[in-house]
Amino acid sequence: MQINSRLPNVGTTIFTVMSALATEYKAINLGQGFPDYPMDEALSEAVAKAMRDGHNQYAPMPGHLPLREAIASKVKKLYGTPIDPVNEITITPGGTYAIYSAVTAVIRPGDEVIVFEPAYDSYIPNVEINGGIPIRIRLTYPDYSIDWNKVKESITPRTRMIMINTPHNPTGSVLSHEDMLQLQEVVKDTNIIIVSDEVYEHLIFGGKQHQSVLRYPELFKRSFVSFSPELFKRSFVSFSFGKVYNCTGWKLGYSISPAAFTSEFRKVHQFNCFSCHTPMQVALAGFLQHEDAYLNLGTILEKKQQFFKAMMETTPLKPLPTFGSYFQLYSYQGLTDETEAELAIRLTKEAGVASIPVSAFYADGTDNKVLRFCFAKKEDTLAEAANRLARYFG
């Protein structure tokens, strides 16, 4: 028997390919985005305690209520927006799952979805498997900003959704307050839904502030133009505990959306995952009270980013601006005519350092001679990786 694939153009993800290559050649894996340093022992112990205390059965389908209440409290403090923990927050097995569920709840065959490239690799398959049509708009190289005129030109009567990601994976760019006002203007008086991927909300630095969709439920004014509350009321917002607490293997996150949206989201969720790991939810409900654990994350990651940049000065690779996420992009323009994929593979095999070709985040393989490196690693790891690259390039 054969299956008529619903994703005929999708193969194994670049993360799996490069991580397998790193293992085969014993290379330092700066490709896949995960820390190589331990998570907080207090959080690990809190999970163990939750298991010992008997929290080992199904959690409610929307998630452990005390955790949802803690999230709502956090959102109010950070973004000033009141969120109903009962009807507007759903705990999910990771941020990627939350994004997929939001798209599946909304998109019908023929709906158009605006996606900015380079894009996290799940976005376009999420759209296509639901019969949607991805409308790809390139971010402006090399700062990877949004050309809002192109967005306005791409809106049609079939436009159903716009997907945004800030801080951005793979580039490390972040949306500004001005960007959010432009987005508000674009969607005003339309039925366009926003999916906002904010899994790196606390991994932001360089003096920037995270512009969450959750900041925008109120009336904003620019010059003499008024903007009605256009963003949160039409958004699914996705978050990740794994990115915040250095435990990506937990695959635990959450989605926030208005009650009517959440109702549709949970129709998908209840027949897919139903509920998530209970002991972790119980532990996180208490651990979220320790605000410094997430408020200081940007400072910690910025130090790692700056350390890596300093070490990489001994190589011919040139850093591009980054203000968030786990990732630093490096240009090799003028160094070799190899494609990004060819150079990434060669450096993994011969230099012993794995990266990710940014061309993998474009549907058409756009190649700007840029590689992505993950700096969410121990300083020893980053130093050794940079030293290997410096020796290799001589």
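- Across all non-hydrogen atoms, the minimal contact from A50 to P279 is CB-O, 3.6 Å.
- Side-chain atoms of V103 and Y123, non-hydrogen and from C-beta on, never get closer than 4.5 Å to each other.
- Panel note: side chain D179, backbone S176; a donor-acceptor pair is recorded below 3.5 Å.
- Residue C276 comes nearest to A59 through the heavy atom pair O-CB, 4.0 Å, listed as atom of the first residue, atom of the second, then distance.
- Between the N56 side chain and the T278 main chain, no donor and acceptor come within less than 3.5 Å of each other.
- Between the side chain of D197 and the backbone N or O of V199 there is at least one donor-acceptor pair closer than 3.5 Å.
- The ring pair (Phe, Tyr, Trp, His ring centres under 6.0 Å) search around Y37 returns none, not counting sequence neighbours.
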**Study point:** side chain to side chain donor-acceptor pair (under 3.5 Å) assessment of T262 paired with E88
**Key:** CA-CA 6 Å; T262 297; E88 296 184 329; over 6 Å; no
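- Grouping Ile, Leu, Val, Met, Phe, Trp and Tyr residues whose side-chain heavy atoms lie under 4.5 Å apart, directly or via other members, places I129 in a hydrophobic cluster with L7, V10, Y100.
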Exercise for review: Carefully, step by step, assess S122 and T96 under the rule side chain to side chain donor-acceptor pair (under 3.5 Å).
Suggested key: CA-CA 7 Å; S122 78; T96 300; 5.0 Å; no
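- The two atoms that bring A354 and A27 nearest to each other are N-CB, 4.2 Å, heavy atoms only.
- Side-chain atoms of S240 do not come within 3.5 Å of backbone N or O of G94 as any donor-acceptor pair.
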Return all side-chain donor-acceptor pairs below 3.5 angstrom for residues 359-372, not counting sequence neighbours, or 'none' if the list is empty.
{"unit_1": "S359", "atom_1": "OG", "unit_2": "E340", "atom_2": "OE1", "d": "3.2"}
{"unit_1": "D364", "atom_1": "OD1", "unit_2": "T366", "atom_2": "N", "d": "3.1"}
{"unit_1": "D364", "atom_1": "OD1", "unit_2": "T366", "atom_2": "OG1", "d": "2.7"}
{"unit_1": "D364", "atom_1": "OD2", "unit_2": "R138", "atom_2": "NH2", "d": "2.9"}
{"unit_1": "D364", "atom_1": "OD2", "unit_2": "T366", "atom_2": "OG1", "d": "3.4"}
{"unit_1": "T366", "atom_1": "OG1", "unit_2": "R138", "atom_2": "NH2", "d": "3.0"}
{"unit_1": "D367", "atom_1": "OD1", "unit_2": "K369", "atom_2": "N", "d": "3.0"}
{"unit_1": "D367", "atom_1": "OD2", "unit_2": "E340", "atom_2": "N", "d": "2.9"}
{"unit_1": "K369", "atom_1": "NZ", "unit_2": "D337", "atom_2": "O", "d": "3.2"}
{"unit_1": "K369", "atom_1": "NZ", "unit_2": "E338", "atom_2": "O", "d": "2.9"}
{"unit_1": "R372", "atom_1": "NH1", "unit_2": "N169", "atom_2": "OD1", "d": "2.7"}
{"unit_1": "R372", "atom_1": "NH2", "unit_2": "G31", "atom_2": "O", "d": "2.7"}

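- Without hydrogens or angle criteria, S154 side chain to K150 main chain gives a donor-acceptor distance under 3.5 Å.
- Considering only heavy atoms from C-beta on, M180 comes within 4.5 Å of L175 through its side chain.
- Between E291 and K77 there is a salt bridge, since a side-chain N of the basic residue sits under 4.0 Å from a carboxylate O of the acidic one.
- Considering only heavy atoms from C-beta on, V353 comes within 4.5 Å of L30 through its side chain.
- A ring-ring contact (aromatic ring centres under 6.0 Å, His included) with Y245 is found for one member of W250, F287, F239 and no other, namely F287.
- Taking the centre of each ring, Y254 and F241 come in below the 6.0 Å mark.
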**Study point:** Chi angles and distances behind the side chain to side chain contact (heavy atoms under 4.5 Å, CB included) call for L214, L78
**Key:** CA-CA 9 Å; L214 298 174; L78 289 179; over 6 Å; no
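- Looking at H64, its side chain never comes within 3.5 Å of a backbone N or O of I91 through a donor-acceptor pair.
- For Y97, the ring pair (Phe, Tyr, Trp, His ring centres under 6.0 Å) criterion is met by H269, not counting sequence neighbours.
- In K74, the NZ atom is crowded: over 12 heavy atoms of neighbouring residues, nucleotides or ligands sit closer than 6.0 Å.
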Practice item. For side chain to side chain contact (heavy atoms under 4.5 Å, CB included), just list the numbers for R266 and M61, CA-CA rounded to whole Å, side-chain angles, deciding distance to a tenth of an Å, and then say yes or no. Key: CA-CA 8 Å; R266 290 177 182 174; M61 179 270 288; 4.0 Å; yes
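- Scanning all heavy atoms of the two residues, the minimum distance from S212 to E198 falls at OG-OE1, 2.6 Å.
- Side-chain contact between T92 and F265 is present, with heavy atoms from C-beta onward closer than 4.5 Å.
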Exercise for review: Walk me through it: do I133 and D111 pass the test side chain to side chain contact (heavy atoms under 4.5 Å, CB included)?
Suggested key: CA-CA 6 Å; I133 302 170; D111 287 345; over 6 Å; no
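- Judged purely by distance below 3.5 Å, without hydrogens or angles, the side chains of N130 and T104 pair a donor atom with an acceptor atom.
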Point to revise | Evaluation steps, side chain to side chain contact (heavy atoms under 4.5 Å, CB included), between I114 and T159 | key: CA-CA 8 Å; I114 290 176; T159 305; 4.2 Å; yes
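- Follow the hydrophobic side-chain contacts under 4.5 Å out from I28 and you never reach I356; the two are in separate clusters.
- I83 has its side chain out of reach of K76: every pair of non-hydrogen atoms, C-beta onward, lies at least 4.5 Å apart.
- With hydrogens and angles disregarded, no donor-acceptor distance shorter than 3.5 Å links the side chain of T190 to the backbone of V186.
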Output side-chain donor-acceptor pairs under 3.5 Å for residues 385-394, partner residues at least two apart or in another chain, one line each.
{"unit_1": "N387", "atom_1": "ND2", "unit_2": "A383", "atom_2": "O", "d": "3.2"}
{"unit_1": "R388", "atom_1": "NE", "unit_2": "E384", "atom_2": "OE2", "d": "3.0"}
{"unit_1": "R388", "atom_1": "NH1", "unit_2": "G352", "atom_2": "O", "d": "2.9"}
{"unit_1": "Y392", "atom_1": "OH", "unit_2": "R346", "atom_2": "NH1", "d": "2.7"}
{"unit_1": "Y392", "atom_1": "OH", "unit_2": "E350", "atom_2": "OE1", "d": "2.4"}

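- Listed for the S263 side chain is no donor-acceptor partner under 3.5 Å among the backbone atoms of A259.
- Between H277 and Y58, the distance separating the two ring centers is not shorter than 6.0 angstrom.
- Put simply, the side chain of T156 reaches to within 4.5 Å of the side chain of E112, judged on heavy atoms.
- Ring pair Y144/Y141: centre-to-centre distance below 6.0 Å.
- More than 12 heavy atoms of other residues, nucleotides or ligands lie within 6.0 Å of NZ in K152, so this atom counts as buried by the packing criterion.
- Under the 3.5 Å distance criterion, with hydrogens and angles disregarded, a donor-acceptor pair is assigned to the side chains of T16 and T13.
- If you look at F327 and F375, their ring centroids are not closer than 6.0 Å.
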Review point. Could you walk me through whether Y326 and Y200 pass the ring pair (Phe, Tyr, Trp, His ring centres under 6.0 Å) check?
Key: CA-CA 8 Å; Y326 281 158; Y200 294 103; 5.5 Å; yes
Check your understanding: So E201 and Y79, side chain to side chain donor-acceptor pair (under 3.5 Å) or not? Walk me through it.
Key -> CA-CA 12 Å; E201 64 171 329; Y79 306 126; 2.7 Å; yes
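- The two residues T171 and T322 have their closest heavy-atom pair at O-OG1, 3.8 Å.
- Between the R215 side chain and the H210 main chain, a donor and an acceptor come within less than 3.5 Å of each other.
- Side chain of T315 to main chain of M312: a donor-acceptor pair is present (N/O by atom type, distance under 3.5 Å, no hydrogens or angles).
- Here the side chains of T336 and L343 are in contact, with some heavy-atom distance below 4.5 Å.
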Can you give me every donor-acceptor pair (side chain of residues 293-306, partner residue at least two apart or in another chain, under 3.5 Å) with its distance?
{"unit_1": "N296", "atom_1": "ND2", "unit_2": "D292", "atom_2": "O", "d": "3.4"}
{"unit_1": "E302", "atom_1": "OE2", "unit_2": "G206", "atom_2": "N", "d": "3.2"}
{"unit_1": "K304", "atom_1": "NZ", "unit_2": "K377", "atom_2": "O", "d": "2.9"}
{"unit_1": "Q305", "atom_1": "NE2", "unit_2": "Q328", "atom_2": "OE1", "d": "3.0"}

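- Put simply, the side chain of D143 does not reach to within 4.5 Å of the side chain of L320, judged on heavy atoms.
- When all heavy atoms of I89 and I256 are compared, the pair lying nearest together is CG1-CG1, 4.1 Å.
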